[in-house]
Amino acid sequence: MENTETEILKQADDDKPLKEKKKTKLSALMSPWQFFVFVASAFVFLLGSASFADFASNNDGKVLWLAVIFGVVGAGSLAGAVVVCRVKGRPFFNRYILALLLSLNFYLVNEFCLYVIPTDLADNGLHLRRIIKPYFPNILVGILMYFIFYFIAVAFVKNKVITKALVTLFSGFFAFYAILQYYIIQFRGGPIRFSDIANITSAGEISDEYKFHFSFIVAFGIADTLLVLAAVWLSELSEIKKPLKARSIGAGALAALCVGFYFAAEGVYSYDINNRIMLLNFSMGEDIDTYQDVGGLLCFYYDGIKNRVKVPEDYSTEEAEKRLAEFAPADLTAQKKPTIIAVLNESFSDFEHLGDIDVSMDYMPNVRALKENCIKGYVTVSPYGGYTCNSEFEFLSGNSMYFLPSGSAAYTQFMNNDQQSMVSHLNSLGYDTIALTPCRRGLWKIENAYERLGFDKCYFKDNVGFSNIQYVDGNVADITVYERVFKEFDKKKPDESQFIWVTTMQNHAPYKELLTDPVTLNSPKSDQAQSYLNSIYEADRAVGELIDHFKNVDEDVVIVFFGDHYPHIAGYYDQMLGKNLNDLPIEDFCRSHQTPYFIWANY
């Protein structure tokens, strides 16, 4: 009897019209908005929890209670989403609305990893403008950029598994970019630049120098991505009806989106440039401000599209050659050809030149004591916190980074042919030109760069042949490098002249061993800054030994010495100066690009 009744009910269900059966099936699925309310609440409260937790971890536990409250509410919202799913079934999503929600989510995650919200907390909300952009279309164009990717994933593929796989791929990429952005800012004080694509090898060369630490910001980025993708895979996506027609419409819509994005982005760019929302002189601090104000991925797009070397208007090769011909060639016969040793000292800078600090002793007594046969002072360098290769490029080639796109890495991007340089000029004078460094060949592609500049011999980490290697904070000590210079000098014959180009690594970040002796930094206090100053003290001591050694040789020697850039020590300069570097008057700001130099001769 029961079987007969079941069969009758089944037959009755089969007799229903197809449309009515589909409607019944979809009605069993949970409304996406119920699910979305819980997930959005979880996003907001977990975001707040991560922000307050990050702030508390750097400020002696302040507002930690808020982090706990927000975390509990966020976890409760997630639990609510799970309960509703179990009671009402899987959520049903229109695939295009899902694409829009994902675009909004990962736009916000990227902004969060740009340190926007923790920055606002630290500044008591004074920079809330970085979340509510100074020009609202920045937000809309930024979200549109994400939406174009997700639209491609949902508009053309009928198979729901493949669609979800594409959504997962794009989401994973955006999450990885956001988290990498966070760590890059922590390590060098500036965001990811388009030119960094050419510098991936260089990043790999020094990646073992940095320690990846736990961060509530990164934890949130990972957790958000996993939860969002779980929601995507658990949800039921709408169907693509009439695939051929849908794809044709989708192709037209995609073209319209791309054209709309291009023109909208151009309008936003013009407005941001004219109103100085986007700053293209790009110090590292201004980089961060610009990326925060404009939007991370959108600014990365501008960086790649706009920052290109352009041929000057009305440029003519014939006219350039004509003007060069007006200058008579110099007499290349030198009366005296001393050996020249040029030292680019990694991150060698003078905090006392930048602001007021209280230290227990002078951390560069030997450099300050140089007077006889010496010219010294401070030299302006283009980079801050990194991009050593640009300081090398400017010194050795005589060219200025002013004429290259902001954020460029000269060695990795523009050393594609032989260069006229100080090296090639000294070669023409009969010098033996030598490059000597403790760095790997792949760092900034220096092996290729040195070949293009014209060095006769090059020594890198794998063939430099250091002996009795000493280390400071995990890096090869300057004195070890200078002792290798002594040996190279001793190889030459009395009638030969050398140009030895030396770069060091001792003072390179991160300052993880926290050196405390002999220099004590009393104010403003910072373990990393104190460790850095003790490294500078050791670098200065090595300078003393370098000078003393060549004082006692019978041949003429000239030593040129300078620092390549200031180090990036997160937050320290704000403490030292009482404000952000970018808020300083231009005269004071320029000091963050001025490092000590001297030119000394033993005759």
Side-chain angles (χ1 to χ4, degrees), residues 10 12-37 39-40 85 88-110 137 139-175 177 225 227-268 295 297-298 301 305:
K10 184 175 183 300
D13 184 65
D14 290 342
D15 290 340
K16 287 182 181 179
L18 182 60
K19 287 185 177 180
E20 188 177 340
K21 286 199 291 184
K22 284 189 174 181
K23 186 175 179 181
T24 303
K25 179 183 177 183
L26 291 180
S27 65
L29 296 169
M30 180 179 61
S31 165
W33 299 110
Q34 297 171 359
F35 180 75
F36 176 69
V37 167
V39 172
C85 276
K88 295 200 171 186
R90 298 167 65 188
F92 171 78
F93 273 101
N94 178 288
R95 56 177 62 212
Y96 301 104
I97 292 176
L98 177 63
L100 181 60
L101 294 176
L102 289 170
S103 303
L104 179 60
N105 177 82
F106 283 101
Y107 175 85
L108 291 173
V109 168
N110 188 275
I139 296 178
L140 299 181
V141 176
I143 294 173
L144 176 58
M145 192 174 185
Y146 285 85
F147 181 73
I148 288 172
F149 285 92
Y150 285 115
F151 183 83
I152 293 170
V154 303
F156 299 101
V157 182
K158 182 178 180 180
N159 186 293
K160 295 178 182 180
V161 173
I162 296 177
T163 296
K164 291 179 180 181
L166 287 173
V167 165
T168 301
L169 178 66
F170 290 142
S171 299
F173 170 76
F174 292 140
Y177 174 80
T225 303
L227 290 170
V228 165
L229 291 179
V232 168
W233 283 96
L234 289 172
S235 65
E236 182 72 22
L237 295 182
S238 60
E239 301 279 354
I240 290 183
K241 299 175 182 179
K242 299 180 180 178
L244 184 60
K245 181 180 177 181
R247 286 167 188 157
S248 298
I249 295 173
L254 179 61
L257 286 171
C258 291
V259 171
F261 170 78
Y262 174 78
F263 284 106
E266 288 296 304
V268 166
L297 197 62
L298 180 59
Y301 163 81
I305 296 298

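These values consider heavy atoms only, across backbone and side chains, with no hydrogens, waters or symmetry-generated copies. Residues: numbered from 1 along the sequence shown.
- Ring centroids of F174 and F149 are separated by less than 6.0 Å, placing the two rings close together.
- A parallel orientation is assigned to the rings of Y177 and F173, their planes being inclined by less than 30° (bins at 30° and 60°).
- K241 and A246 get closest at one heavy-atom pair: O-CB, 3.8 Å.
- When all heavy atoms are compared, the tightest approach of V268 to P137 is CG2-CB, 3.9 Å.
- The closest side-chain heavy-atom distance from Y96 to V154 is below 4.5 Å.
- For the side chain to side chain contact (heavy atoms under 4.5 Å, CB included) test with L98, the passing option among N94, L102, L100 is L102; the others fail.
- When side chains are defined from C-beta on, F106 counts as touching V228, because their heavy atoms get closer than 4.5 Å.
- When atom types are taken as modelled, the side chain of K164 and the backbone of S235 share a donor-acceptor pair closer than 3.5 angstrom.
- Ion pair K160/E239 flagged as a salt bridge, since at least one NZ, NE, NH1 or NH2 atom sits closer than 4.0 Å to an Asp/Glu carboxylate oxygen.
- Across all non-hydrogen atoms, the minimal contact from A264 to V141 is CB-CG2, 3.8 Å.
- Minimum heavy-atom separation, Y150 to V167: CE2-O, 3.9 Å.
- Considering CD1 of I97 and CG of L237, their distance stands at 11.5 Å, rounded to 0.5 Å.
- Of all the heavy atoms in Y301 and A265, the pair that sits closest is CE2-CB, 4.1 Å.
- Using a 4.5 Å heavy-atom threshold, the side chains of N105 and Y146 count as separate.
- Side-chain contact check for L166 versus I152: every heavy-atom pair is 4.5 Å or farther apart.
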Query raised in the report: So L298 and F261, side-chain contact (heavy atoms from CB on, under 4.5 Å) or not? Walk me through it.
Result: CA-CA 11 Å; L298 180 59; F261 170 78; 4.2 Å; yes
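- Nearest heavy-atom pair across A253 and F151 is CB-CZ, 3.6 Å.
- Rounding to the nearest 0.5 Å places OG1 of T168 at 5.0 Å from CG of L229.
- Side chains of I240 and T163 form no contact here, defined as non-hydrogen atoms less than 4.5 Å apart.
- Between R95 atom CZ and E236 atom CD the span is 10.0 Å, to the nearest 0.5 Å.
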